[in-house]
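What follows is a short report on a single structure.
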Number of protein chains: 2
Amino acid sequence: MSDGQAYRGENLLFLTDEQLRQGIEAMFFAYRGFTADPDRILSDMAYGRAHHRAIHFINRAPGTTVNNLLHILGVTKQSLNRVLRTLIADGLVQSTVGKSDKRERHLHLTEEGKELEQTLSDAQRARMRSAFRDAGPEAVAGFRTVLEAMMDTEMQRAYTRLKESST
Amino acid sequence: MSDGQAYRGENLLFLTDEQLRQGIEAMFFAYRGFTADPDRILSDMAYGRAHHRAIHFINRAPGTTVNNLLHILGVTKQSLNRVLRTLIADGLVQSTVGKSDKRERHLHLTEEGKELEQTLSDAQRARMRSAFRDAGPEAVAGFRTVLEAMMDTEMQRAYTRLKESST
DNA sequence: AGCATACGTCAGTGTTGTTGACATTCCAAC
DNA sequence: GTTGGAATGTCAACAACACTGACGTATGCT
């Protein structure tokens, strides 16, 4: 339909509209699988996907501030606050006043919070591990490359920062 | 933490927990980018992501039944019905009673519906095309391989059926 | 002192998922 | 041929989670 089907010195058949549509649909179906296992676990509790995301990134970046977290999650503070309130009330997350800047709140998982995080990420990692193993290392490298290229630039930065923080 | 870090005849370093976590986070950030452009377009109308999905798959499989569509989308018939009702009322989707089985409704996009579908998928394809081009054909192949391995088996079947229906 | 920043909260709204109840239609057993 | 159950689709009410807007408090900075 557009310029995708042409040859330009190299084979660009992987950029046809049909290929792109298959990529779009693969992304849709795969994301459902990606969230299915944690969703199942959480539906038994009073929590949802939003709680999972908050717990994941608090675990990933302990001591992060509310402001930082809501930028990573890409939601409003009101939306995040609703989730955090329940997590703090239930004793899964601890909020401490900032040392140098007392306006800030630093977030940590409690032991109970870490347990739930482990349960959720075990389930999600199991599926990811199975997919990675089936696909092989080259496919995994390609998977990561395409996903990074698909992010918004701000999110690329956030993602890279998180990657590097764990070395 | 688990068996991922071991060597077993081949290098399995791509299966470490840290690699899996990066894959999980890449999936999270990339999916946000994936939906960002259509979401922006739809927010100006009274529609959301659910309408986009319905329009996409009705366009993909014209004449599909409500039942078939809700299996593909993975939602309840009640949830899909609310979306379809507005799309039909707004003249984007046409619902016709089944010929052989009058319980069924066959769904088609109207001209107006096709226009919106085109607008939305143009935006989404543009991002996918850019990501694919940046990543290159080998990465794209890997991307697709991993995503397929991440789907639930039912969804793999639905995905394969859709892929093959367009040849 | 004055203004900006970080956080929390209340109120209201919209999208999208859920369950429950119900009408219509088909089909197969009787 | 009637009847009972399964399948298909619709309407209504509710829950989760996002949004905007407005406001209050504490703190930091100039």
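Convention: sequence-line order gives letters A, B, ...; per-chain numbering from 1.
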With sequence neighbours excluded, tell me which residues meet salt bridge (Lys or Arg N to Asp or Glu O under 4.0 Å) with [X].
{"X": "B:Arg82", "answer": "none"}
{"X": "A:Arg127", "answer": "A:Asp37, B:Asp152"}
{"X": "B:Glu111", "answer": "B:Lys114"}

Rounded to 10 degrees, the angle between the two terminal axes of the helix from C:dA1-D:dT30 to C:dC30-D:dG1, each from five pairs: 10°
Side-chain atoms of residues 41-55 of chain B: list all donor-acceptor pairs with protein atoms under 3.5 Å, sequence neighbours left out, distances to 0.1 Å.
from, atom 1, to, atom 2, distance (Å)
B:Ser43, OG, B:Arg40, O, 2.8
B:Tyr47, OH, B:Asp90, OD2, 2.3
B:Arg49, NE, B:Asp39, OD1, 3.4
B:Arg49, NE, B:Asp39, OD2, 3.3
B:Arg49, NH2, B:Thr35, OG1, 3.3
B:Arg49, NH2, B:Asp39, OD2, 2.6
B:His51, ND1, B:Gly48, N, 3.0
B:His51, NE2, B:Thr86, OG1, 3.3

Using the test side chain to side chain contact (heavy atoms under 4.5 Å, CB included), find all partners of [X] that sit at least two apart in sequence or belong to another chain.
{"X": "B:Ala149", "value": "A:Ala131, A:Asp134"}
{"X": "B:Thr76", "value": "B:Gln78, B:Ser79"}
{"X": "B:Ala141", "value": "none"}
{"X": "A:Ala139", "value": "A:Ala135, B:Thr145, B:Val146"}

Base, sugar-phosphate, or nothing for A:Ser100, non-hydrogen atoms under 4.0 angstrom? sugar-phosphate
Side chain of B:Thr160, backbone of B:Gln156: donor and acceptor closer than 3.5 Å? yes
Expected list for residues 33-57 of chain A near DNA chain C, using heavy atoms below 4.0 Å, is none
Atom-pair distance (CG on A:Leu80; P on C:dT9), nearest Å: 12 Å
In whole angstroms, the gap separating P of C:dT16 from CG of B:Leu73 amounts to 12 Å
Please encode protein proximity along nucleotides 5-15 of chain D as a string of B, S and -, counting only heavy-atom distances under 4.0 Å. -BBBBBBB---
Check: residues 20-33 of chain B side-chain donor-acceptor pairs under 3.5 Å, at least two apart:
from, atom 1, to, atom 2, distance (Å)
B:Arg21, NH2, B:Glu18, OE1, 3.1
B:Gln22, OE1, A:Arg144, NH1, 3.4
B:Gln22, OE1, A:Arg144, NH2, 2.6
B:Gln22, NE2, B:Glu18, OE2, 2.8
B:Glu25, OE1, A:Arg60, NE, 3.3
B:Glu25, OE1, A:Arg60, NH2, 3.2
B:Glu25, OE2, A:His56, NE2, 2.8
B:Glu25, OE2, A:Arg60, NE, 2.7
B:Arg32, NH1, A:Leu73, O, 3.1

If the cut-off is 4.0 Å, is B:Thr76 near the phosphate of C:dT18, judged by side-chain N/O to OP1 or OP2? yes
